[in-house]
Number of protein chains: 2
Amino acid sequence: MRVTIKQIADLAGVSRGTVDKVLNNRVGVSEEVKRRVQRIANELGYRPNIIGKALSFQKRPIVIGVVIPVKSNPFFTEITEGIYKAYEDFKDFGLKIEMRETDHLNSQEQLDVLNEFHKMKVNGIAVPALDDTIIKNKINELVSDNIQVVTFASDIHNSNRLCFVGQDLYKSGQVAGVLMAKLLRNKGNVAIITGSFNMLAHNDRIEGFQSIVDTLPDIKIIDIVECLDEDYIAHEVTNAVIEKHKDIDGFYIAAAGIKGFSQSIEAHNYKDKAIISYDLTETTKVLLRNDVIDFTITQEPIEQGYKVIELLFEYVFKGIVPKEDFIKVKIRIITKENMD
Amino acid sequence: MRVTIKQIADLAGVSRGTVDKVLNNRVGVSEEVKRRVQRIANELGYRPNIIGKALSFQKRPIVIGVVIPVKSNPFFTEITEGIYKAYEDFKDFGLKIEMRETDHLNSQEQLDVLNEFHKMKVNGIAVPALDDTIIKNKINELVSDNIQVVTFASDIHNSNRLCFVGQDLYKSGQVAGVLMAKLLRNKGNVAIITGSFNMLAHNDRIEGFQSIVDTLPDIKIIDIVECLDEDYIAHEVTNAVIEKHKDIDGFYIAAAGIKGFSQSIEAHNYKDKAIISYDLTETTKVLLRNDVIDFTITQEPIEQGYKVIELLFEYVFKGIVPKEDFIKVKIRIITKENMD
DNA sequence: CTGAAAGCGCTTACAG
DNA sequence: CTGAAAGCGCTTACAG
């Protein structure tokens, strides 16, 4: 049988309430009693039983606020799915989730939600943080008010958030580079479609890709173009790239815009080129099935959403600090037959 | 606030013990009271709080017996890791795990362990079942004694086990086929190294592989040889295959023996061939890093071990029946940069 | 068949 | 500073 507070109380000759205070660093215990209880607990190897704790927390639920950019984005739909999965697993422990949708690119709106959560005195917050000083300051303010913050999908630098959950973008670019090299058997010309040269995320992926390809003398990156994550621009720039270079062997799509891109590819009958994209959406699924795309690389969004809630809950409820500052989600390679 | 047994009891004008009996189909309640309580519970949408239940189960732990083939096998080492992960997550609910190692191929030994678990009156059993009538009969006997059995890694047909957790072997062969086709750009000669033509598991993979390759007129399977999962045999047969056919472009290793195989490949300086294997071991990691193997396909053993325990625990503790008879683990494609 | 009480392990509000 | 009691939601052994 496991050691309980009752056993420690009996051995120390004090009440259970007192033991609880010592073990949880609450005030109001004499130094002498504190030491005695602590020693006995250590000797017996006491580990709190979270079930007992959870039951006594039923009246006082743990509230986690989640900021989610407009759900139209399929990536965030899956993140949300993972969040609800975690909610189902932890709700009997007293977990409550407060979801707020925002416009992805508006930091004032994100700030408003954070302020709302602050007023509500939630226990923790999960947010795909916009890299803006007002957001950073707000996060630090929340943390100093003992409201823990976990960032996901996009991180904010130099803030006091507990940790960041997301993809290792550079690494995911390297995986794309390795796949491209294998598809091209180390030889050929590659065009890259990126979102924006101003987006750190996109640049990290491209740098990872280059770190692999640059070691292979016969693979050349012949062009890098921006599509601003818009399908109609992706369509246009892909057309332009194809017109400009007659000898393209592979395409690496490092951002959104895959639909517009693929229209151009299909119009030019370029299906047999080596093509690598990101994320698993209805569009990429169809393109994989039709042998347009060879591989798409995902960041396991469901697991990611689950993890964010799990980490916050474990910190708030059990006091467990995440092992790493940056919790990397697995990089998954998807092709025709392993989509589900 | 969630609906509790107390609320139902108050509304129904009975005691909480009586409500408990109704909700859990225990005997000793009059038809009239049963109906009344049931109706109120339904109207309020009662869902049991597992924390309350878990706390009252502390004295009466749930014991799950696990049969694990000799741990020298790295695949089962990872399975075991997943099992302990699940144990950590559920131990406060009162879960106990009893591990027994057996020799993989000895069904008498496996039977002995099952008998031991039967005598111990464990609540559930996880076993990589050997496909033998004595094992099947024992499983059915256990189930009829209300000891649930989940098979994993290898299933046993026509038994009353709750479900099987494992890889979709045919599908994993298809994934290998797709990868091979991409590496060869749909053209080339492939040799297959399998374990044994008598092993269903190996044949399923090969059939999946063929289902893809057979649709591609320019890919030919020029040889299929057995290595009986032994490295020294794999070494020999690979040597023989290479001597026999001068024009091999790819190798598909559908079973164990990768170490012996790779020695032959490296000796012949065949690193640049398209090569696909299974599982992520120290050997395959090194071979991926050194560009010998292009891809290895895994069945997420840690998640698999976790899942087995989770399913048994949920069934025994919460009465949740697995959604499927065959719980398929995700098929993961591993290459140089996404090994961890 | 039914109810009252005790207990699982932990926390808290209150009395002293 | 310390203890006794009550409570979280569910289950069980026992009395009637």
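Per chain, numbering begins at 1; letters A, B, ... match sequence-line order. This is a predicted model, so every value here is computed, not measured.
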Quick one: do [X] and [Y] make a salt bridge, cutoff under 4.0 Å?
X       : Y       : value
K91(B)  : E88(B)  : yes
D89(A)  : K85(A)  : no
E116(A) : R100(A) : yes
D92(A)  : R2(B)   : yes

[X] [atom1] to [N] [atom2], straight-line distance once rounded to whole Å:
X      : N       : atom1 : atom2 : answer
D92(B) : dG9(D)  : CG    : P     : 19 Å
D10(B) : dT2(C)  : CG    : P     : 17 Å
Q58(A) : dG9(C)  : CD    : C1'   : 13 Å
L55(A) : dC10(C) : CG    : C1'   : 8 Å
I51(A) : dG9(C)  : CD1   : P     : 11 Å
L23(B) : dC10(D) : CG    : P     : 9 Å
I8(B)  : dC10(D) : CD1   : C1'   : 12 Å

Can you tell me if [X] touches the phosphate of [N], counting only side-chain N or O atoms and a distance under 4.0 Å to OP1 or OP2?
X      : N       : result
R60(B) : dT12(D) : yes
N24(B) : dT11(D) : yes
R26(B) : dT12(D) : yes
S56(A) : dC10(C) : no
T18(A) : dG3(D)  : yes
S30(B) : dT2(C)  : yes

Which nucleotide wins on minimum distance to the side chain of [X], given the candidates [options]?
X      : options                  : value
K21(A) : dT2(D), dC10(D), dA4(C)  : dT2(D)
P48(B) : dG3(D), dC10(C), dC10(D) : dC10(D)
I5(B)  : dT11(D), dT11(C), dC8(D) : dT11(D)
N49(B) : dC10(D), dT2(D), dG9(C)  : dC10(D)

Of V33(A) and R16(A), the one whose closest nucleotide on DNA chain D sits nearer the 5' end is V33(A)

Taking any heavy-atom pair under 4.0 Å as a contact, classify [X]: base, sugar-phosphate, or nothing.
X      : result
F93(A) : nothing
K6(B)  : nothing
D20(B) : base

Distance flag, aromatic centroids of F57(A) and F317(A), threshold under 6.0 Å:
yes

Re dA4(D): Watson-Crick or G-U wobble partner, both distances kept under 3.5 Å, found to be none

Checking N1-N3 plus N6-O4 or O6-N4 for Watson-Crick, or N1-O2 and O6-N3 for wobble, each under 3.5 Å, the partner of dA13(C) is none

> Taking Q110(B) for the side chain and I135(B) for the main chain, is one N or O donor matched with an acceptor at less than 3.5 Å?
Replying inline: no

Sorted by position of nearest nucleotide on DNA chain C, 5' first, the leading residue of F57(B) and S15(B) is S15(B)

